[in-house]
Structures are given as C-alpha cells and as structure tokens.
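Following: one structure in structure tokens, then a few remarks.
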Protein chains: 2
Amino acid sequence: MPLTPHRSLLKTMELFADLDEASLDDVLQAGHVRRLPKDMLVLAQGDPAISCHALIDGRIKISQVTPDGAQVVIRYLGPGQMYGTVAVLMGIPLPADAIAVVDSVEMHWTAAAMAELIERHPRIALASNRITGGRLVDLQARLREIATERVDRRLARALARLAEQAGRPSGDGIEIDFPITRQELGEMIGTTLHTVSRTLSAWEEQGIVESSRRRIVVRDLEALTLLAEGSASGS
Amino acid sequence: MPLTPHRSLLKTMELFADLDEASLDDVLQAGHVRRLPKDMLVLAQGDPAISCHALIDGRIKISQVTPDGAQVVIRYLGPGQMYGTVAVLMGIPLPADAIAVVDSVEMHWTAAAMAELIERHPRIALASNRITGGRLVDLQARLREIATERVDRRLARALARLAEQAGRPSGDGIEIDFPITRQELGEMIGTTLHTVSRTLSAWEEQGIVESSRRRIVVRDLEALTLLAEGSASGS
DNA sequence: CGCCGGGTTGAGCTGAGTCAATCGACGTGG
DNA sequence: CCACGTCGATTGACTCAGCTCAACCCGGCG
C-alpha cells in the first residue's frame, strides 16, 4: 500500500473507470492519500459533507445510529469503493458514520476539488449516477428482504454476500477477511446478537459455518445460498 | 391537464429545475404526453428499461414482487416526480412495477432521447445525481426504521408521510388523495393487512384517524407524528 | 339480488426479543 | 509469566408482538 498510488489504481474505481490516462492523472493530483488506523471514525453522521473518499486498502463500515441509540449497519465496503460522495453531491449532512474496521488506506478529495473534477471530466457525473443508482437498487432489494423474510434467511443472505465481497479462501472454506461481531451481524439484518448467535450455533452443528470470536468461516456456501433462496425452512 | 403542456410544467420537476427556457423547450420537444387510466401497469418489473417517465397528474405506485409472490410497496409518487429513470441510466432491467392508482397523465422520453438531452444539457446529469442521492438517503432511513421500529410506529410514520405528500385538506382533517387499501399500507411497512386494520381501528377510537373502504383521513396529525417519533408506546 | 372485494375481529401460535447467568479468549499491567 | 479485567459469545427461561387461521360483515356493482 504505497502512499503515492499509481493511476492504475483509480481505474479500478467505478467512478473513474471510463477516464483516459491524462484525466486519471488529473484526478490523482487533486486527491490526498491517508492511513486510517483500525477503529478510526473517518466520517461522522450529522457532520457537513466536505470530502469524497475512496478506499484503497482495508475495510470500512457504514452505519447509522437511530435517535434512541440503536445501530444499523448500512454496508461494508472494500478497496475501490467510494463513500461520503452522495452527501457531497447533494450538499446535505452526512447520513451515516464511516468507521475503519481494520487498518486501512484511503484517498480523498475536498468537495471543491471534486466539483472541479466533475466540471473538467463530465463522465464522472455519469459514473456517479450509475453507482448511486446501483446502490439504490440494492437497497430496495434489502428493504424487500427485511420486510418479508425471516431472520435466518436474512442472515444466510448477509453471510453469502460477505463471503462473496470480503471472502478469503481459507483451507476448508471462505473466511470473512475482517473481524465482525454477532452484534454487527445483527445490525446488518435487523435482529439481536442473541438470535444471530443461536442461528450461527445451529449452522455450526450442521457444518455450514464455523466461527469464533470476531471471525467467521463459511464452510458450505452452497447450503447457505440454499437457505437464503430456498422456499421452505431446512430442518 | 392539457395534452400539450407548457414548459413551466417541467420547471416543477427537479430533474429539469435548473434549465433555462430554451433548454426546457428542447426537453419538451423530445418527450411525449400520455394518459394513464387507473390500474394501468405502466412499467413492469423485469422488463428492459427503455423509457424515462415523469408524472404530470395523478398518482403512481412503485412496487416489487418477491420471488414467492409477496408484494412490497417501494413508494407512491405524485405530480412532478419521475420514475423509471434510474434503470435507464444504468442499463439494467426495471427493478419494480409502476401502476397508476388513479387516472393519471405522464410525460415520457425514450432512453435514446434522454441520453441526447443529457448530452446537450449536462446539468440534467447533476440533477439526476441529486435526486437519486436523495432517494438513497430516504431509503436508508426507511431501512433503519423497518429494522428497528415497531409496526405501529412505522404505520404512524407512513401515514404522516402520506398526509404530507398526498394530503388534501378535508373538512375535519387531511385526506389521503388516492385510494389505498389496508393491504397496500401493510406492504409499505412490512406487515399484514390484519395488523394494519387493528391498529387503524384503535387509532380511530382515539380520534387520530378516520377511515373507510380505501379511504383514509388523518384527523390529528400531531398525535400521529408523536406516535411516530415519541420514545415510548401510547396506551 | 347475489357476488365479490375489502374490512373487521377473535383465538391461538410462534419467532424472535428480553432478561439473565455463565463462559472463554485476549490483552494488559504488575 | 501470571492474574485480572474486559469484551464477545453462548445458552436458558420467559414473554409478547405480530402472524396465521378463520369466521363474518358490509357496500357497491353487475
């Protein structure tokens, strides 16, 4: 993780994917690289949105706090994904917290710099549209799931998604490559850590997953997907 | 509702809000006006997205069907709001159905025409970003609500929102200006029509709402808002 | 006049939340 | 290197919000 990244790095980001080399250099010039130590609160819900961020390495958790203190995890993101951008483009306060869950490296731009970049490279605006649209569609799907499906199915789906997005092959399965607690899992799917723990224990007996403190290995992704999609229970 | 609307109409639409007169005429030229009879399925989930739509008059319901047949109402929209746009910009199949819940009038553009308009008037792309971003933020809030709050509170919130967005003053309260069933209310907040019916009955006793077949009048918006925001129950 | 779509209401069940006790693994400081 | 404190996980017992099943009502329309 070099502190002066190459433009090829930006190419992996959807927002800049369709820019030519010169434009990428322009974007690179305008941004700053920074280390984010584990547990750092990178963006705080309610603060004015004054910067756009792109994760280069590591893992960031985006979560909201409800007025009465309950947490909801909106999403986890990995290298190449951007955050804090929507609020900047809209000129509204940040709708959520962003926290580094492992030591990470990011690139960031001031709101003004990003505005200029968009001015100079209008394709960025189109890409932004695509990205936001994609997230909108995802969120609609999640809304549908949480409104209609049982906890165990939602958990299965969440784990399958995590395995796909943040999975590292690990001997006898796919390991989620960052530490995650039962609590956080619960906050992702709208349930309590207790229910998550119970469900996970049951699945562990069936050899579908394996877990320990802050660590989860998916042993049988197929079974998990079946639980997520399958119509009925699965005694 | 004339079939050849004036450009001032477009000005009320966020997507075109910051265009000058000439540009508005250009947009107007490129579009088509159409009547939508009540119950018409305007867009069908899964179909390719080949057009952008703007509602001029009436009311449209956007809803998804889950694989196993359950419905989820994503949102209702009124005059000035656009739909079907995100999928076009992203080149993906339509993620939801759009149904006219009353006789309506819309304007629509082919995907190609819209692409040209954006080319000629780049501000549209920025506005689109803002709109999509706004919806994203809204959806996140809804996700949080549905994941953490009780049914009665969610219902209170949904009704308050409807009263605000689609309320028509009516003698002794605010009437939702389009027909809506208990079933649909349930699909908006992720519950069954039975629970909605019971809750509504209780509120009717307390004089907070008044309802009959497909018709709802909010009599005491303040009490409703209190139920939505207030910390505890409300014996 | 009879049908049908929407609404109401009761009875009972159960998934999942709450409360509570216990355990085990880290990490830290003495 | 060990003892202790803390944070996360597990598990049991109990409770209850809200779902399911079911019967019935009402009003508009053909």
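Residue numbering restarts at 1 for every chain, and letters A, B, ... go by the order of the sequence lines. Because the structure is predicted, anything quoted here is derived from the model rather than measured. What's counted below: heavy atoms across the whole structure, side chains too, no hydrogens, waters or symmetry copies.
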Using the side-chain heavy atoms of A:L193, tell me which of these nucleotides is nearest: D:dA22, D:dT10, D:dG18. D:dT10
Among A:R153, A:R161, A:R150, which residue meets the salt bridge (Lys or Arg N to Asp or Glu O under 4.0 Å) test with A:E145? A:R161
Starting at CD1 of A:I146 and ending at P of D:dG18, how long is that distance when rounded to a whole Å? 14 Å
Check whether any side-chain nitrogen or oxygen of B:T191 sits under 4.0 Å from OP1 or OP2 of D:dC19, and answer yes or no. yes
Lys/Arg N to Asp/Glu carboxylate O, A:D172 vs A:R219, below 4.0 Å: yes
Let me know, please, whether B:V196 or A:V151 comes out on the 5' side of the other along DNA chain C by nearest nucleotide. B:V196
Between the side-chain atoms of A:R213 and the base atoms of D:dT6, is any donor-acceptor pair under 3.5 Å? no
Does A:T195 make a side-chain N or O approach to OP1 or OP2 of C:dG15 shorter than 4.0 Å? no
Can you check the A:I180 CD1 to D:dC7 C1' distance for me, whole Å? 16 Å
Rounded to the Å, how far apart are B:R215 CZ and D:dG27 P? 14 Å
Without decimals, in angstroms, what is the distance between A:E210 CD and D:dT10 P? 12 Å
Check each of A:L143, A:I62, A:L139, A:V86 against B:Q140 using the side-chain contact (heavy atoms from CB on, under 4.5 Å) test, and report the only one that passes. A:L139
With a 4.0 Å limit, can you tell me whether B:S201 has a side-chain N or O closer than that to the phosphate oxygens OP1/OP2 of C:dG7? no
When you check the phosphate oxygens OP1 and OP2 of C:dG7, does a side-chain N or O of B:R182 lie under 4.0 Å from one of them? yes
So which of A:R154, A:R157, A:R144 actually passes side chain to side chain donor-acceptor pair (under 3.5 Å) with A:E149? A:R157
Has A:R150 got a side-chain N or O lying under 4.0 Å from the OP1 or OP2 atom of C:dG15? no
Rounded to whole angstroms, how far apart are CD1 on A:I216 and C1' on D:dT10? 14 Å
Rounding to a whole Å, what distance do you find between B:Q183:CD and C:dG7:P? 9 Å
Between C:dG17, C:dT9, D:dT11, which one does the side chain of A:H194 approach most closely? D:dT11
Do the side chains of B:R59 and B:D177 get close enough for a salt bridge, i.e. N-O under 4.0 angstrom? yes
How many Å lie between CZ on B:R153 and P on D:dG18, as a whole number? 11 Å
Between P on D:dC19 and CD on A:E149, what's the gap in Å once rounded to a whole number? 15 Å
From D:dG8, D:dC19, C:dG7, pick the nucleotide closest to the side chain of B:S197? C:dG7
Tell me which nucleotide among C:dG10, D:dG18, D:dT11 gets nearest to the side chain of B:R198. C:dG10
For a quick test of reading the model: is some side-chain N or O of B:R214 closer than 4.0 Å to OP1 or OP2 of C:dG6? yes
